[in-house]
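All values below come from the heavy atoms of this structure, side chains included, with hydrogens, waters and symmetry mates left out. Keep in mind it's a predicted model, so treat the numbers as computed, not measured.
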Amino acid sequence: QVQLVESGGGLVQTGGSLRLSCTASGRIVRINTLGWYRQAPGKQLELVAKIDLDGGHTNYLTSVEGRFTISTDYVKRSVYLQMNSLRPEDTAVYYCQAGGARYWLEISLRGPDDFWGQGTQVTVSE
(Lines give C-alpha, C1' and ligand atoms only; values in the text may rest on other atoms or scores of the structure.)
Protein backbone atom coordinates (compact mmCIF):
# COMPACT_ATOMS: atom_id res chain seq x y z
CA GLN A 1 0.00 0.00 0.00
CA VAL A 2 0.90 3.62 -0.35
CA GLN A 3 0.40 6.01 2.53
CA LEU A 4 -0.01 9.75 2.05
CA VAL A 5 0.44 12.14 4.96
CA GLU A 6 -0.63 15.77 4.55
CA SER A 7 0.15 18.83 6.58
CA GLY A 8 -0.10 22.59 6.37
CA GLY A 9 -3.77 23.37 6.56
CA GLY A 10 -5.20 25.96 8.90
CA LEU A 11 -7.09 29.19 9.30
CA VAL A 12 -6.02 32.27 7.35
CA GLN A 13 -7.53 35.62 6.47
CA THR A 14 -8.55 36.61 2.97
CA GLY A 15 -5.47 37.43 0.95
CA GLY A 16 -3.22 35.26 3.07
CA SER A 17 -1.09 32.27 2.13
CA LEU A 18 -0.73 28.65 3.13
CA ARG A 19 1.52 25.86 1.95
CA LEU A 20 0.25 22.30 1.95
CA SER A 21 2.63 19.36 1.98
CA CYS A 22 2.08 15.69 1.29
CA THR A 23 4.57 12.84 1.45
CA ALA A 24 4.06 9.37 0.05
CA SER A 25 5.55 6.32 1.70
CA GLY A 26 5.48 2.58 1.21
CA ARG A 27 7.21 0.15 -1.10
CA ILE A 28 6.61 2.37 -4.08
CA VAL A 29 7.95 1.55 -7.51
CA ARG A 30 6.56 4.56 -9.30
CA ILE A 31 3.82 7.17 -9.14
CA ASN A 32 2.42 8.71 -12.30
CA THR A 33 0.82 11.84 -10.90
CA LEU A 34 0.57 13.75 -7.63
CA GLY A 35 -2.25 16.13 -7.09
CA TRP A 36 -4.47 18.09 -4.78
CA TYR A 37 -8.24 17.92 -4.64
CA ARG A 38 -10.67 19.74 -2.41
CA GLN A 39 -14.19 19.37 -1.16
CA ALA A 40 -16.19 22.19 0.33
CA PRO A 41 -19.29 21.53 2.43
CA GLY A 42 -22.20 20.52 0.22
CA LYS A 43 -20.06 20.49 -2.89
CA GLN A 44 -18.42 17.83 -5.01
CA LEU A 45 -14.78 16.89 -4.86
CA GLU A 46 -12.82 18.92 -7.41
CA LEU A 47 -9.31 18.81 -8.79
CA VAL A 48 -7.27 21.79 -7.68
CA ALA A 49 -3.88 21.01 -9.21
CA LYS A 50 -2.07 18.00 -10.57
CA ILE A 51 1.44 17.32 -11.81
CA ASP A 52 2.64 14.55 -14.08
CA LEU A 53 5.86 13.19 -12.61
CA ASP A 54 7.20 12.01 -15.97
CA GLY A 55 7.00 15.21 -17.96
CA GLY A 56 6.25 17.77 -15.27
CA HIS A 57 3.05 18.84 -16.96
CA THR A 58 0.70 20.60 -14.60
CA ASN A 59 -2.94 21.49 -14.72
CA TYR A 60 -4.95 23.72 -12.44
CA LEU A 61 -8.52 24.50 -11.58
CA THR A 62 -9.28 27.70 -13.46
CA SER A 63 -10.20 29.63 -10.34
CA VAL A 64 -6.80 28.99 -8.71
CA GLU A 65 -4.55 29.65 -11.70
CA GLY A 66 -2.07 32.38 -10.92
CA ARG A 67 -2.66 32.02 -7.17
CA PHE A 68 -1.73 28.40 -6.44
CA THR A 69 1.44 26.57 -7.44
CA ILE A 70 2.00 22.84 -7.31
CA SER A 71 5.52 21.46 -6.98
CA THR A 72 7.21 18.21 -6.15
CA ASP A 73 10.33 16.79 -4.60
CA TYR A 74 10.69 13.55 -6.53
CA VAL A 75 13.35 12.11 -4.24
CA LYS A 76 11.22 12.72 -1.17
CA ARG A 77 8.08 11.66 -3.02
CA SER A 78 6.48 14.83 -1.78
CA VAL A 79 4.08 17.26 -3.35
CA TYR A 80 3.40 20.79 -2.25
CA LEU A 81 0.67 23.31 -2.90
CA GLN A 82 1.59 26.94 -2.37
CA MET A 83 -1.63 28.88 -2.02
CA ASN A 84 -1.50 32.65 -2.24
CA SER A 85 -4.18 35.34 -2.32
CA LEU A 86 -6.59 32.99 -0.61
CA ARG A 87 -10.31 33.67 -0.81
CA PRO A 88 -13.21 32.49 1.33
CA GLU A 89 -14.34 30.28 -1.56
CA ASP A 90 -11.07 28.34 -1.21
CA THR A 91 -12.32 27.03 2.14
CA ALA A 92 -12.47 23.24 1.93
CA VAL A 93 -10.85 20.02 2.99
CA TYR A 94 -7.85 19.48 0.75
CA TYR A 95 -6.81 15.95 -0.19
CA CYS A 96 -3.55 14.75 -1.65
CA GLN A 97 -3.74 12.05 -4.30
CA ALA A 98 -1.09 9.75 -5.74
CA GLY A 99 -2.26 8.58 -9.14
CA GLY A 100 -1.23 5.44 -10.98
CA ALA A 101 0.97 4.11 -8.21
CA ARG A 102 2.76 0.82 -8.61
CA TYR A 103 4.00 -0.75 -5.39
CA TRP A 104 5.04 -3.96 -3.72
CA LEU A 105 2.57 -5.66 -1.42
CA GLU A 106 4.39 -8.54 0.21
CA ILE A 107 5.91 -10.25 -2.84
CA SER A 108 3.39 -9.01 -5.39
CA LEU A 109 3.77 -5.99 -7.63
CA ARG A 110 0.45 -4.13 -7.53
CA GLY A 111 -1.18 -1.29 -9.36
CA PRO A 112 -1.56 1.03 -10.96
CA ASP A 113 -3.82 2.29 -8.18
CA ASP A 114 -4.78 5.66 -6.79
CA PHE A 115 -4.27 6.56 -3.14
CA TRP A 116 -5.57 9.42 -1.01
CA GLY A 117 -4.43 11.29 2.03
CA GLN A 118 -6.63 11.86 5.05
CA GLY A 119 -7.35 15.48 4.17
CA THR A 120 -6.40 18.78 5.74
CA GLN A 121 -8.79 21.63 6.48
CA VAL A 122 -8.18 25.02 4.93
CA THR A 123 -10.39 27.83 6.19
CA VAL A 124 -10.22 31.34 4.77
CA SER A 125 -12.00 33.98 6.80
CA GLU A 126 -13.43 37.19 5.37
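- Taking 4.5 Å as the limit, every side-chain heavy atom of Val12 sits out of range of all side-chain heavy atoms of Ser17.
- Put simply, the side chain of Trp36 reaches to within 4.5 Å of the side chain of Cys96, judged on heavy atoms.
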Next item on the list: For side-chain contact (heavy atoms from CB on, under 4.5 Å), just list the numbers for Asn59 and Leu47, CA-CA rounded to whole Å, side-chain angles, deciding distance to a tenth of an Å, and then say yes or no.
Entry: CA-CA 9 Å; Asn59 56 305; Leu47 172 65; 3.5 Å; yes
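- Within the 4.5 Å cutoff, no side-chain heavy atoms of Glu6 are placed close to those of Leu20.
- Tracing side-chain contacts under 4.5 Å through hydrophobic residues (I, L, V, M, F, W, Y), one never reaches Tyr80 starting from Val48; they form parts of separate clusters.
- Partners of Gln82 according to the side chain to side chain donor-acceptor pair (under 3.5 Å) rule, which considers only residues two or more places apart in sequence or in another chain, are Asn84.
- Scanning all heavy atoms of the two residues, the minimum distance from Ala92 to Arg38 falls at CB-CB, 3.8 Å.
- Closest of all the heavy-atom pairs between Ser78 and Thr23 is OG-OG1, 2.8 Å.
- Scanning all heavy atoms of the two residues, the minimum distance from Gly56 to Ile51 falls at O-CG1, 3.9 Å.
- Within the 4.5 Å cutoff, the side chain of Val122 has heavy atoms near those of the Met83 side chain.
- Closest of all the heavy-atom pairs between Gly55 and Asp52 is N-OD1, 3.5 Å.
- Linking Ile, Leu, Val, Met, Phe, Trp and Tyr whenever their side-chain heavy atoms come within less than 4.5 Å leaves Val64 and Tyr37 in two separate clusters.
- Looking at Leu86 and Phe68, their side chains come closer than 4.5 Å, going by heavy atoms from C-beta outward.
- Contact detail for Arg30 and Asp54: the closest heavy-atom pair is NH2-OD2, 2.9 Å.
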Ignoring hydrogens and angles, write down the donor-acceptor pairs under 3.5 Å from the side chains of residues 101-110, residues two or more places apart or on other chains.
{"residue": "Tyr103", "atom": "OH", "partner": "Asp113", "partner atom": "OD2", "Å": "2.7"}

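- Taking the six-membered ring where the residue is Trp, Trp116 and Tyr95 present perpendicular rings, their angle passing 60° and hence far from 30°.
- Put simply, the side chain of Val5 does not reach to within 4.5 Å of the side chain of Ser25, judged on heavy atoms.
- Few gaps surround CD on Glu89; more than 12 heavy atoms of other groups in view lie less than 6.0 Å from it.
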